[in-house]
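Shown next, in structure tokens, is the structure this report addresses.
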Amino acid sequence: MTVVSPMMDLPADASSRALALGSSTLFEASGLPCSVDPEIRPVWNGAAVAAPIYPLACAPGDNLAIHIAMERAPRGSVLVVATGDYIAGYWGEVLTVAAEAAGIGGLVIDGGVRDVAALAARRFPVFSRGISMRGTIKASVPSVGAPLLFGGVPAAAGDFLVADDDGVLILPRSEVERTLSNGEARAAKERSMMERLAAGETTLELMGLGAWRDKA
């Protein structure tokens, strides 16, 4: 069986370009409703990942689907796990070690995780809605690999996720190159603006808001 890379037909440097720009710039550049629920936050400061996704759904308090996804997700994928916003310890150090061995690039989950110190020590990118020491059962598999709605954003296998300290976004695969190019143009414009600000110009002047000086 031939294993297809999740990066196939994406720009070869998509991940490095996305991480350099950051989620906020890419969100503004996309013009799309691609921002995931902001309650889903990095588990450790500085966590960041940009990669194609592999979606799955867990029943509340049940992480069996994660174990199955670990065998099916292409190397280089980020697991995007919908739990119905149920906070429990779906993921911890054991699954992190397994994920590293399987070539999984990170985890984004609308539920909870545990073993936070170990996740930070291993520098494995994890984004979650909460932290919980409560364990999970293994009794059902709602879906593995099927499209779903995650944090208010459609998520299908191969869509492109960018997550960092500012939040998480999911781009349709077809929109990745356009968004990266727009983001780079936006970043260049902002660099120019910051140089002018450092030289003494004001935001009111640079943004064409000077007329408000006498109105406010």
Checklist entry - Are I87 and F127 connected, step by step, through hydrophobic side chains (Ile, Leu, Val, Met, Phe, Trp, Tyr) whose heavy atoms are closer than 4.5 Å? => result no
Checklist outcome for this item: Tightest non-hydrogen contact, residues P154 and L149, listed as N-CD1, 3.5 Å
Next on the checklist: For L209, give me all partners under side chain to side chain contact (heavy atoms under 4.5 Å, CB included), at least two apart in sequence or on another chain.
Outcome noted: L204, M207, W212
Next on the checklist: Among residues at least two apart in sequence or on other chains, which ones pass side-chain hydrogen bond (donor to acceptor under 3.5 Å, both in side chains) with D165?
Outcome noted: none
Item to check | From CD (E201) to CG (L206), nearest 0.5 Å | outcome: 5.0 Å
Checklist entry - Are side-chain heavy atoms of V78 and L107 found at a separation under 4.5 Å? => result no
Item to check | Any side-chain heavy-atom pair of D159 and L171 under 4.5 Å | outcome: no
Item to check | Taking every non-hydrogen atom, the tightest pair across L21 and A187 | outcome: CD2-CB, 3.8 Å
Checklist entry - Does the D164 side chain pair with the main chain of G22, one donor and one acceptor, at a distance under 3.5 Å? => result no
Item to check | Qualifying side chain to side chain donor-acceptor pair (under 3.5 Å) pairs, either residue in residues 38-49, two or more places apart | outcome: none
Next on the checklist: When you group the ILVMFWY residues by side-chain heavy-atom contacts below 4.5 Å and let the links chain together, are V153 and V176 in the same group?
Outcome noted: no
Checklist entry - Among all residues two or more places apart in sequence or in another chain, which pass the side-chain hydrogen bond (donor to acceptor under 3.5 Å, both in side chains) test with T179? => result none
Using residues 48-68 as the side-chain source, report each donor-acceptor pair under 3.5 Å to any protein atom, sequence neighbours left out, with the distance given to one decimal.
unit_1	atom_1	unit_2	atom_2	d
D62	OD1	L64	N	3.0
D62	OD1	A139	N	3.3
D62	OD2	A139	N	2.8
D62	OD2	S140	N	2.8
D62	OD2	S140	OG	3.0
N63	OD1	T136	OG1	3.3
N63	OD1	K138	NZ	3.2
N63	ND2	H67	NE2	3.4
N63	ND2	Y90	O	3.0
N63	ND2	T136	OG1	3.4

Checklist entry - Going by the salt bridge (charged side-chain N to carboxylate O under 4.0 Å, His left out) test, which pairs reach into residues 44-55, not counting sequence neighbours? => result none
Item to check | For G135 against A88, the heavy-atom pair lying closest together | outcome: O-CB, 4.4 Å
Please list, one pair per line, the donor and acceptor atoms closer than 3.5 Å that link side chains of residues 24-34 to other protein atoms, with sequence neighbours excluded.
unit_1	atom_1	unit_2	atom_2	d
S24	OG	D166	OD2	2.7
S30	OG	F27	O	2.9
S30	OG	L32	N	3.1

Checklist entry - Do I131 and L95 sit in the same hydrophobic cluster, where Ile, Leu, Val, Met, Phe, Trp and Tyr count as joined when their side-chain heavy atoms come under 4.5 Å apart? => result yes
Checklist entry - Residues in side-chain hydrogen bond (donor to acceptor under 3.5 Å, both in side chains) with R134, at least two apart? => result none
Next on the checklist: Among residues at least two apart in sequence or on other chains, which ones pass side-chain hydrogen bond (donor to acceptor under 3.5 Å, both in side chains) with R178?
Outcome noted: E175
Item to check | salt_bridge(E195, R191) N-O dist < 4.0 Å | outcome: no
Next on the checklist: Closer than 3.5 angstrom, by distance alone: can the side chain of R129 be matched with the main-chain N or O of I109 as a donor-acceptor pair?
Outcome noted: no
Item to check | side chain to side chain donor-acceptor pair (under 3.5 Å) contacts touching residues 93-114 (sequence neighbours left out) | outcome: T83-D110, W91-T96, E100-R122
Checklist entry - Minimum heavy-atom separation for A18 to V162, with atom names? => result CB-CG2, 3.8 Å
Next on the checklist: Between V36 and L169, is there a side-chain heavy-atom distance shorter than 4.5 Å?
Outcome noted: no
Item to check | Side chains of F160 and L10 in contact at under 4.5 Å (non-hydrogen atoms) | outcome: yes
Checklist outcome for this item: Sorted by chain and residue number, the side chain to side chain contact (heavy atoms under 4.5 Å, CB included) partners of A121 (sequence neighbours excluded) come out as none
Item to check | F150 vs V81, side chain to side chain contact (heavy atoms under 4.5 Å, CB included): CA-CA, chis, key distance, verdict | outcome: CA-CA 8 Å; F150 183 80; V81 185; 5.6 Å; no
Next on the checklist: Under 4.0 Å between a side-chain nitrogen and a carboxylate oxygen: does that hold for R17 and E177?
Outcome noted: yes
Item to check | Transitive ILVMFWY side-chain link V144 to M70, under 4.5 Å | outcome: yes
Next on the checklist: Count I, L, V, M, F, W, Y as connected when their side-chain heavy atoms are under 4.5 Å apart, and connections chain through other members. Are L19 and V108 then in the same cluster?
Outcome noted: no
Item to check | Minimum heavy-atom distance between A163 and V168, given as atom pair plus value | outcome: CB-CG2, 3.7 Å
Item to check | Heavy-atom pair with the smallest gap, counting every atom of I104 and A73 | outcome: CD1-CB, 3.7 Å
Next on the checklist: Give me each pair satisfying salt bridge (charged side-chain N to carboxylate O under 4.0 Å, His left out) with a member in residues 206-216, each pair once, sequence neighbours excluded.
Outcome noted: E205-R213
